[in-house]
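Excluded from the calculations below are hydrogen atoms, water molecules and symmetry mates; all remaining heavy atoms, backbone and side chain alike, are included. Read the numbers this way: they start at 1 and go in the same order the structure lists the ligands and their atoms. Sequence positions, counted from 1, serve as the residue numbers for this chain.
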Amino acid sequence: MTQTQLDDLVHVGSGADAAWWRSAVIYQIYPRSWADGNGDGIGDLPGITSRLPYLRDLGVDAVWLSPFYVSPQADAGYDVADYRDVDPIFGTLVDADTLLATAHDLGLKIMVDLVPNHSSDEHPWFKAALAAGPGSPEREHYVFRDGLGPNGDLPPNNWLCVFGGAAWTRVSSEAGSGDTKGQWYLHLFDPKQPDFNWDNPKVRDEFEDVLKFWLDRGVDGFRVDVANALIKAAGLPDWDEPLHILGDAVGVPHDHHGKKPPMWDQDGVHEVYLAWRRILNSYNPIDAEGYSSDSDRILCAEAWVESPERLSRYVRQDEMHQAFNFEFLQAQWRAGDLRDAVTKSLAAADSVGAPTTWVLSNHDVVRHASRLGLPVGPKRPNGIGIDDPQPDAALGLRRARAATALMLALPGSSYLYQGEELGLPDSTDMPDEFRQDPTWARSGHTERGRDGCRVPMPWEGDRPSYGFGPSDRTWLPQPASYRALAVDRQVDVEGSTLELYRALLAARRENGLGTGSLSLLEGYSRDVVALVNESAAGTRVVVITNLGAEPVAVPPGTTMLVSSGPLTLSGTVPTDTTVWLTAQP
Ligand code: BGC
C-alpha cells in the first residue's frame, strides 16, 4: 500500500496536550425532543438530566443544548424573549444549574446555544421599540426603516426571509392602533424574529453580558446561531439572488455568481467575535498559574458561508474555537466528493491553526439515515412528506453507518445529533397538520421544513411515547418505525447502530484519532475512500469506505477494529461499508 502524506493537513495538535475542543465528540440535544420529565409531551431540562448517564455510556465528551430560554416558540426556541431565563416548558434556572452540575459530575461538558442575530418580537426591547416609535433610541436596538414609495407602502429593500416571503414587516404608525402605516423592521427569519442592530454598541454590551451570565453559571461553551448574519452591508442594498442559509443541504446552490450577499458573512462580524473571545479567555487566562486547556470555554460558529476559506476566518487564533463545517454533510455519496470535503476542510482549518469540525445531521436538515437513502445527485429536499419520493430506509441506514464511521475516524471535533446513534430516520409520513416549522406555512406549503428530524426520541419500545416521557404525549407524532429502534432494543445488541456508535467512540478515543494526523492511501479504485490516521503516540488506523459495487480487500497485515456492517464471506469490504483496521507502525 502506498501512502500520500498530506503534510499540510496535519493540524490537530499534540496528542494528549491538545485542548479538549480540538477533538471532542459533541452530542446535540434538541431539548423539546430528547426526554420529557413531566409528561406534557415536550422534552425538558429535568428529563435531560435524568438521562445524562446514557451519554456518558455512549462515550461523548460534551453536549450542545439547542435553546431552552424563555420564548414564544415561533421557531422552536430560536426566538428568544429572555436570554437569562429558562422557558417554563423546559423548567427553571435551578433545573439548568442541576443539569450543569450533573453533567460535570459525569465528566460531560455543556455548551448552550446563543442566538444573537435576532430576538423574539416578544422580547422587552422589541416591545419597547414598537411603543417608542420612529427615531427613538429603542428602535435603534433593531433594524427599522421607512418604507419606499409615496406612502412608504413598499419594503425598504427587496430582501427575502429564509423561511419564505419578504424579510420586512410593517408596523403600525401608532402603537396599539392596529393600522399598518408605520415603519418596517427587518427579519431574516420569521416576522416573529426581528434582527438586532449590531451597529448599536448597546446591543454588543447586552450580549457580552449574556455571555457572562451563562459563563458564571458554569457553561463550557456556546454554539453561536447564524454567526454569519449579525452585520449587514451598509445601506442594505437590494439582493436579487435567492436568500438561503442551509446551502445544498436543503437544495439551494451556494453559487451567487460571484456576488456577495449583503446580509451574510460581512467582515464586520469578526470584531464581535474578537471581543467575545477575550471574555471567554478571561474565565481561564492562558498566562495565569494553573492554566489548563481542559477548562477552556469555547465558541462554535454556525456560519453557512461560501467556502471553507471564508469559514476559516471565524476560527482565526483570536476568534472562535470552532465553526461548523457543513462540507461533509453537504457532500453527495460519492467517494470523490467525500475525499474533497475532507481534504479541503482540513486544509482551510489548518491555514489558521484551527481544528476542523464534522457533522452529518442536526435539527435543520433531513437526518443522514434518510438523506443518504435518496438518489445520489439531485439536490436534497428541505423535509420529506408522505407524498414526496421516499428514501430507501435500508440503504440510507447502511450508508449512514458507513458515513458516520468515516467521520469519526477523522481528526478534529465531531458533532452528533440526538438519535443518530440509533439510526433514526426522519419522520417522512407525518401528517402535515402537525408541522410546526414556520417554513411550511411561509413557503406556501411548498417546503415541508424541518419537523421530520425533530421527532421525540424513543427510549423504550414498549412504553407509551416509546419512553420519551411518563405519558403517551409527544409534541410531534413518532413514526411506528421508532419502536424497533428504541434505546432498549439496541443496547448490548450485537450489530445494532447504538453498539456501533459505542464501539466507534471507544476505538476513536483509544487510538487517539481525534488528535491524529491524516494521510490518503493510494492504490484503491476511485470509488473508495482510503485513509490512515496516525495518532501522536504512533498508532496507525487504516480507514476504508467502499462506495463502489466491487468488494475491497483489506490491506495485508492489518487487524479489524470496527466495521460499519458485515463483511463478505471472504472477508472483503462490501459496498457502502466502512472499516477501521489497526496497522503495524
Ligand atoms: C438554527 C435554526 C433557526 C435559525 C434562526 C439556525 O441556523 O439552527 O434552527 O431556525 O438559525 O435562528
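- Under the 30°/60° scheme for interplanar angles, the aromatic rings of Trp214 and Phe68 are found to stand perpendicular.
- Between Asn228, Asp364, Asp75, Val80, it is Asp75 that holds the heavy atom closest to atom 3 (C) of ligand 1.
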May I have the step-by-step check of side chain to side chain donor-acceptor pair (under 3.5 Å) for Ser119 and Tyr142, ending in yes or no? CA-CA 9 Å; Ser119 69; Tyr142 294 89; 2.8 Å; yes

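- Taking the charged nitrogens against the carboxylate oxygens, Asp437 and Arg448 have no contact shorter than 4.0 Å, which rules out a salt bridge.
- Judged purely by atom type and a 3.5 angstrom limit, Glu138 has no side-chain atom pairing as donor or acceptor with the backbone of Ala131.
- For ligand 1, the atoms closer than 4.0 angstrom to any heavy atom of Phe163 are 10 (O).
- Annotation for ligand 1: atoms under 4.0 Å from non-hydrogen atoms of Arg450 are 2 (C), 3 (C), 9 (O), 10 (O).
- Close approach to His363 involves these atoms of ligand 1, each under 4.0 Å from a residue heavy atom: 1 (C), 2 (C), 8 (O), 9 (O).
- Relative to the ring axis of Phe144, Arg139 places its NZ or CZ within 45° and under 6.0 Å from the centre.
- With Leu186 as the fixed residue, the side chain to side chain contact (heavy atoms under 4.5 Å, CB included) test singles out one of Arg145, Lys232, Met263: Lys232.
- Residue-level proximity to ligand 1 for Arg454 is carried by the side chain, the only part with a heavy atom below 4.0 angstrom.
- Of all the atoms in ligand 1, the ones that sit under 4.0 Å from a non-hydrogen atom of His118 are 5 (C), 12 (O).
- Residue contacts with ligand 1: Arg223 is included, with a non-hydrogen atom under 4.0 Å away.
- Looking at Trp304 against ligand 1, nothing comes within 4.0 Å, counting heavy atoms.
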